[in-house]
Amino acid sequence: MSQDTTPTHIRSMGPFQVDVDIWLTSVVPSDADHVFRLINLNSSIVNGLYSSAVTFPFPQKSAIAFTDGCVARRTKSGQETTWAIRQSADGPLVGIFGINLFDHGDDAALICDGVPVVTPTGSSEKERHCGDLGYWISPECAGQGIMSRVVAYGLRLARQEFGYNRVHGECWKDNLASQRVMTRAGMRPSPALPCFVAKFNTTKEVAGFVIDL
């Protein structure tokens with residue numbers, strides 16, 4: 001893992017020890033090679049993510065853009081919001097976990113009765129200071145309970161590091177593993193609208209979850 005040259009005054013960088021064999025640390029440029037390899041192992045990560053920018057196969061230049069973007073965002077904001085999941089403090093990246101302010105400003109249009117829905121700026125969730133979870137794990141590490149432990153720990157970070165009163169999460173309705181992760185963390189089902197996913201050229205059903213902290 002290459003040395004992180006991010007200024008040391010940035011908050012929430014960690015490292016955070018989730019468990020004896022799970023760490024959350026900042027994403028660094030050398031992680032791009034691991035992001036590129038893991039996302040291209042099979043289509044499972046791409047199939048689970050909203051963003052049309054994450055496709056299969058996943059280009060190496062996109063992996064570099066992702067890691068560089070993580071560095072740029074924390075440098076600009078002064079706070080880390082996206083961490084690499086590692087199995088030792090300086091081990092290779094095996095997944096990603098993020099907490100951001102809840103906002104549906106992505107490229108997945110919400111659909112209600114076949115009509116796109118625009119989420120108004122200053123929605124009630126923003127006013128509640130609501131966080132939003134995002135995560136993925138390497139197919140090589142799936143089924144080991146890593147993400148369940150990361151999300152449970154991440155909810156504590158959401159309160160302690162960011163002061164969020166509520167945390168929201170979503171996944172596709174056919175992603176039962178991700179639903180189990182959020183349920184085990186104590187999150188309860190919440191309403192979620194289907195959305196059109198450009199990279200699949202179809203509308204997908206969404207499972208929503210929420211927890212008050």
Can you find a pair of side-chain heavy atoms, one from [X] and one from [Y], that are under 4.5 Å apart?
{"X": "D19", "Y": "I146", "value": "no"}
{"X": "Q179", "Y": "F209", "value": "yes"}
{"X": "I45", "Y": "P139", "value": "yes"}
{"X": "F97", "Y": "L133", "value": "yes"}
{"X": "Y135", "Y": "V151", "value": "yes"}
{"X": "C130", "Y": "L101", "value": "no"}
{"X": "K173", "Y": "V206", "value": "no"}
{"X": "N100", "Y": "F102", "value": "no"}

Euclidean distance, [Y] [atom2] relative to [X] [atom1], rounded to 0.5 Å:
{"X": "H168", "Y": "D132", "atom1": "NE2", "atom2": "CG", "result": "6.0 Å"}
{"X": "R11", "Y": "T81", "atom1": "CZ", "atom2": "OG1", "result": "11.0 Å"}
{"X": "L213", "Y": "R166", "atom1": "CG", "atom2": "CZ", "result": "9.5 Å"}

Pair D31 + R86, salt bridge at N-O below 4.0 Å: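 Salt bridge between D31 and R86, a charged N being under 4.0 Å from a carboxylate O: yes.
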Out of E80, Q160, E161, which one pairs with S12 under the side-chain hydrogen bond (donor to acceptor under 3.5 Å, both in side chains) rule?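 Among E80, Q160, E161, the one meeting side-chain hydrogen bond (donor to acceptor under 3.5 Å, both in side chains) with S12 is E161.
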How far apart are the closest heavy atoms of [X] and [Y], and which atoms are they?
{"X": "P194", "Y": "T203", "result": "CB-CG2, 3.7 Å"}
{"X": "V94", "Y": "C141", "result": "CB-SG, 3.9 Å"}
{"X": "L38", "Y": "L93", "result": "CD1-O, 3.5 Å"}
{"X": "V27", "Y": "I96", "result": "CG2-CD1, 3.8 Å"}
{"X": "G186", "Y": "I211", "result": "O-CD1, 3.6 Å"}
{"X": "V167", "Y": "A158", "result": "CG2-CB, 3.6 Å"}

Quick check against the 3.5 Å criterion: does N175 have a side-chain atom that pairs as donor or acceptor with the backbone of C171?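 It does not hold such a pair.
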Would you confirm whether N42, through its side chain, and S44, through its main-chain N or O, come within 3.5 Å as a donor-acceptor pair?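 At least one qualifying donor-acceptor pair exists.
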Name all residues meeting the ring pair (Phe, Tyr, Trp, His ring centres under 6.0 Å) criterion together with F162; count only those two or more places apart in sequence or in a different chain, and write none if there are none.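 For F162, the residues satisfying ring pair (Phe, Tyr, Trp, His ring centres under 6.0 Å) (neighbours in sequence not counted) are Y164.
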Just jot down the side chain to side chain donor-acceptor pair (under 3.5 Å) partners of T82, sequence neighbours excluded, or say none.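 So T82 forms no side chain to side chain donor-acceptor pair (under 3.5 Å) with any residue.
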How would you list all residue pairs meeting salt bridge (charged side-chain N to carboxylate O under 4.0 Å, His left out) that involve residues 181-194, not counting sequence neighbours?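 Every salt bridge (charged side-chain N to carboxylate O under 4.0 Å, His left out) pair that includes a residue of residues 181-194, provided the two are not neighbours, is R188-D212.
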Quick test of your reading: applying salt bridge (charged side-chain N to carboxylate O under 4.0 Å, His left out), list the pairs with at least one residue in residues 189-206, sequence neighbours left out, ordered by first then second residue.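 Residue pairs passing salt bridge (charged side-chain N to carboxylate O under 4.0 Å, His left out), neighbours aside: D174-K204.
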Listing, residues 56-72 side-chain donor-acceptor contacts under 3.5 Å, not counting sequence neighbours, or none:
unit_1	atom_1	unit_2	atom_2	d
Q60	NE2	D33	OD1	3.4
T67	OG1	A63	O	3.4
T67	OG1	I64	O	3.1

Yes or no on side chain to side chain contact (heavy atoms under 4.5 Å, CB included) for M147 and I85, after CA distance, side-chain angles and deciding distance? CA-CA 9 Å; M147 194 54 75; I85 303 170; 3.5 Å; yes
When you group the ILVMFWY residues by side-chain heavy-atom contacts below 4.5 Å and let the links chain together, are Y153 and M182 in the same group?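 Linked within one cluster.
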With sequence neighbours left out, which residue pairs that include part of residues 136-145 fulfil the side chain to side chain donor-acceptor pair (under 3.5 Å) condition?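 Qualifying pairs, neighbours excluded: R37-E140.
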Should the ring pair F16 and W83 be called parallel, tilted or perpendicular, given that the plane angle runs from 0 to 90° and is split at 30 and 60?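 Ring orientation of F16 relative to W83: perpendicular.
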